[in-house]
Protein chains: 2
Amino acid sequence: MRRESRDRPPAVEAPPSDCGPEAAKARRDALSPTERERVERTVSDLLGLLGRAHTMAVLKEFAFAGEPLRFSELEERLGTPPNTLSERLKELTEAGLLTRRAYDEVPPRVEYETTPKARALFPAFGHFYRWAEDHDLDSGVER
Amino acid sequence: MRRESRDRPPAVEAPPSDCGPEAAKARRDALSPTERERVERTVSDLLGLLGRAHTMAVLKEFAFAGEPLRFSELEERLGTPPNTLSERLKELTEAGLLTRRAYDEVPPRVEYETTPKARALFPAFGHFYRWAEDHDLDSGVER
DNA sequence: CAGAATCCCAATTGATACTG
DNA sequence: CAGTATCAATTGGGATTCTG
């Protein structure tokens, strides 16, 4: 797999053999029809979930925070309206990607924490960040 | 927690050093303030772009196809309404992720092809696929 | 006080018909 | 075939209100 023109620091140039598209394609072809169908459905469900406003931004926040976050922290960092944020957090919790823990205190405190299932997703977000170091969107300008 | 236990090793749990969140976090801290700000903005622009209906599904289709795709192929494979698909393709093209080539033929033919910039994004989609092999979304109760 | 619920309006998306 | 045009349906944003 090639790399774009960059004068960028070394990092690790070799893309992980684990998440390249060719690898995924090969793996897909190796699946049984039944299992493959399940995987396809899961992928499209996942993309459907991630493809709602603020959802990926929320996950990215958790990925970089590396610790539980409170509703108000997310609200502040993302600038997401409370009703929308509330809905996204509910969806992510129902999907099994976050757990919600309410502490019976004054003032009240609710913490959301990622599940292993969500953390297994994080490398993709790390990749987006990595991508952003080497690229820009729009204008066709390839720094 | 439905099918968390599989006959496959975790694998995804150990993120590749290249796109793991820790690596990204460390890299972020190493950036100059200016560059870091640009990267942050690019990431959120990217997530904004990807977070529209069907956008990631379109890119996934290209990632697995590995070749140019026509409007009708995408429409058929994704079941996306033509106006929405049209808009998404326009956005992706303007973002520099796709190129559009129209052939002067009868019947008309238009092919969309990924740019290197888009292909640099594909490992993330491969990762989503990989994730789906080991996980499921526990779709919660309907609203 | 955190945050869930509600209402209302704007923006996005979907379904379908239609055109070059 | 590859889109537009149009209109209905769904979703998101902002302000406000309610509750523990």
Side-chain angles (χ1 to χ4, degrees), chain A residues 44-62 65 67-95 97-114 138, chain B residues 44-62 65 67-95 97-114 139-143:
Chain A
S44 84
D45 286 351
L46 175 65
L47 296 184
L49 178 71
L50 299 181
R52 320 221 163 292
H54 304 282
T55 300
M56 288 196 294
V58 166
L59 289 176
K60 176 183 85 72
E61 216 51 56
F62 277 102
E67 59 178 5
L69 293 172
R70 304 176 58 164
F71 187 95
S72 52
E73 288 177 307
L74 290 163
E75 186 178 10
E76 177 182 339
R77 297 186 193 190
L78 300 170
T80 306
N83 51 359
T84 301
L85 180 58
S86 176
E87 197 175 324
R88 291 301 99 91
L89 291 173
K90 201 173 298 176
E91 291 166 1
L92 288 168
T93 301
E94 285 171 356
L97 297 177
L98 295 179
T99 56
R100 178 185 189 277
R101 178 177 306 177
Y103 296 85
D104 193 6
E105 301 175 355
V106 178
R109 176 166 60 112
V110 177
E111 285 186 350
Y112 292 88
E113 188 171 12
T114 55
D138 118 88
Chain B
S44 84
D45 286 352
L46 175 65
L47 296 185
L49 178 72
L50 299 181
R52 320 226 157 286
H54 303 283
T55 301
M56 290 197 292
V58 166
L59 288 175
K60 176 183 83 76
E61 215 52 54
F62 277 102
E67 60 179 5
L69 293 172
R70 305 176 58 163
F71 188 94
S72 55
E73 288 178 307
L74 290 164
E75 187 179 10
E76 178 181 339
R77 296 185 194 191
L78 300 170
T80 305
N83 52 357
T84 302
L85 180 58
S86 177
E87 197 175 324
R88 292 301 100 92
L89 291 173
K90 205 170 296 177
E91 292 165 1
L92 288 168
T93 301
E94 285 169 359
L97 297 177
L98 295 179
T99 57
R100 178 186 188 277
R101 179 177 304 175
Y103 296 85
D104 194 6
E105 300 175 358
V106 177
R109 177 164 59 112
V110 176
E111 285 186 348
Y112 292 89
E113 188 171 12
T114 56
S139 11
V141 190
E142 308 304 316
R143 308 188 316 143

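Protein chains get the first letters and strands the later ones, always in sequence-line order, with residue 1 at the start of each. Side-chain atoms are counted along with the backbone in the values below, which use heavy atoms only and exclude waters and symmetry mates.
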Q | Side-chain (A/Thr55) to main-chain (A/Gly51) donor-acceptor, under 3.5 angstrom | A |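 Side chain of A/Thr55 to backbone of A/Gly51: no pair is present.
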
In whole Å, I'd like the distance from the [atom1] atom of [X] to the [atom2] atom of [N].
| X | N | atom1 | atom2 | value |
| --- | --- | --- | --- | --- |
| A/Leu74 | C/dA2 | CG | P | 14 Å |
| A/Leu89 | C/dG3 | CG | P | 9 Å |
| B/Phe71 | C/dT19 | CZ | P | 18 Å |
| B/Glu111 | D/dC1 | CD | P | 14 Å |
| A/Leu78 | C/dG3 | CG | P | 14 Å |
| A/Leu85 | C/dA2 | CG | P | 14 Å |
| B/Glu87 | C/dA15 | CD | C1' | 15 Å |
| B/Leu98 | D/dG3 | CG | P | 12 Å |

Please confirm whether the shortest side-chain N or O distance from [X] to OP1 or OP2 of [N] is below 4.0 Å.
| X | N | answer |
| --- | --- | --- |
| B/Arg52 | C/dA11 | no |
| B/Lys90 | D/dT4 | yes |
| B/Arg70 | D/dA2 | yes |
| A/His54 | D/dG13 | yes |
| B/Arg100 | D/dG3 | yes |
| B/Thr84 | C/dG14 | yes |
| A/Ser86 | C/dG3 | no |

Q) Can you find a heavy atom in the side chain of B/Thr114 that is under 4.5 Å from one in the side chain of B/Leu97? A)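 With C-beta onward as the side chain, the pair stays apart.
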
Q) Just wondering, do B/Val58 and B/Thr80 contact through their side chains at under 4.5 Å, heavy atoms? A)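 No, too far: nothing below the 4.5 Å cut-off.
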
Return the nearest nucleotide to the side chain of [X]; candidates are [options].
| X | options | result |
| --- | --- | --- |
| B/Ser72 | D/dC1, C/dG3, C/dA5 | D/dC1 |
| B/Arg109 | D/dG20, D/dA2, C/dA15 | D/dA2 |
| A/Pro108 | C/dG3, C/dT13, C/dC1 | C/dC1 |

Q. Hey, is B/Arg88 close enough to B/Glu91 for a salt bridge, meaning N to O under 4.0 Å?
A.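 Looking at B/Arg88 and B/Glu91, the cut-off is met.
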
Q | 5'-most by nearest nucleotide on DNA chain C - A/Val110 or B/Pro82 | A |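 That would be A/Val110.
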
Q | B/Asn83 (side chain) and C/dT13 (base): donor-acceptor pair under 3.5 Å | A |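 Donor-acceptor pair under 3.5 Å: no.
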
Q: Work out which heavy atom in B/Phe62 is nearest to a heavy atom in B/Glu67; give both atom names and the distance.
A: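 So the minimum-distance heavy-atom pair works out to CD2-O, 4.1 Å.
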
Q | Heavy-atom pair with the smallest gap, counting every atom of A/Pro108 and A/Arg70 | A |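 Where A/Pro108 meets A/Arg70 most closely, the heavy atoms are O-NH2, 3.5 Å.
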
Q.
Any base atoms under 4.0 Å from A/Tyr112, or only sugar-phosphate, or nothing? Heavy atoms, all strands.
A.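 Sugar-phosphate, backbone atoms only, no base.
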
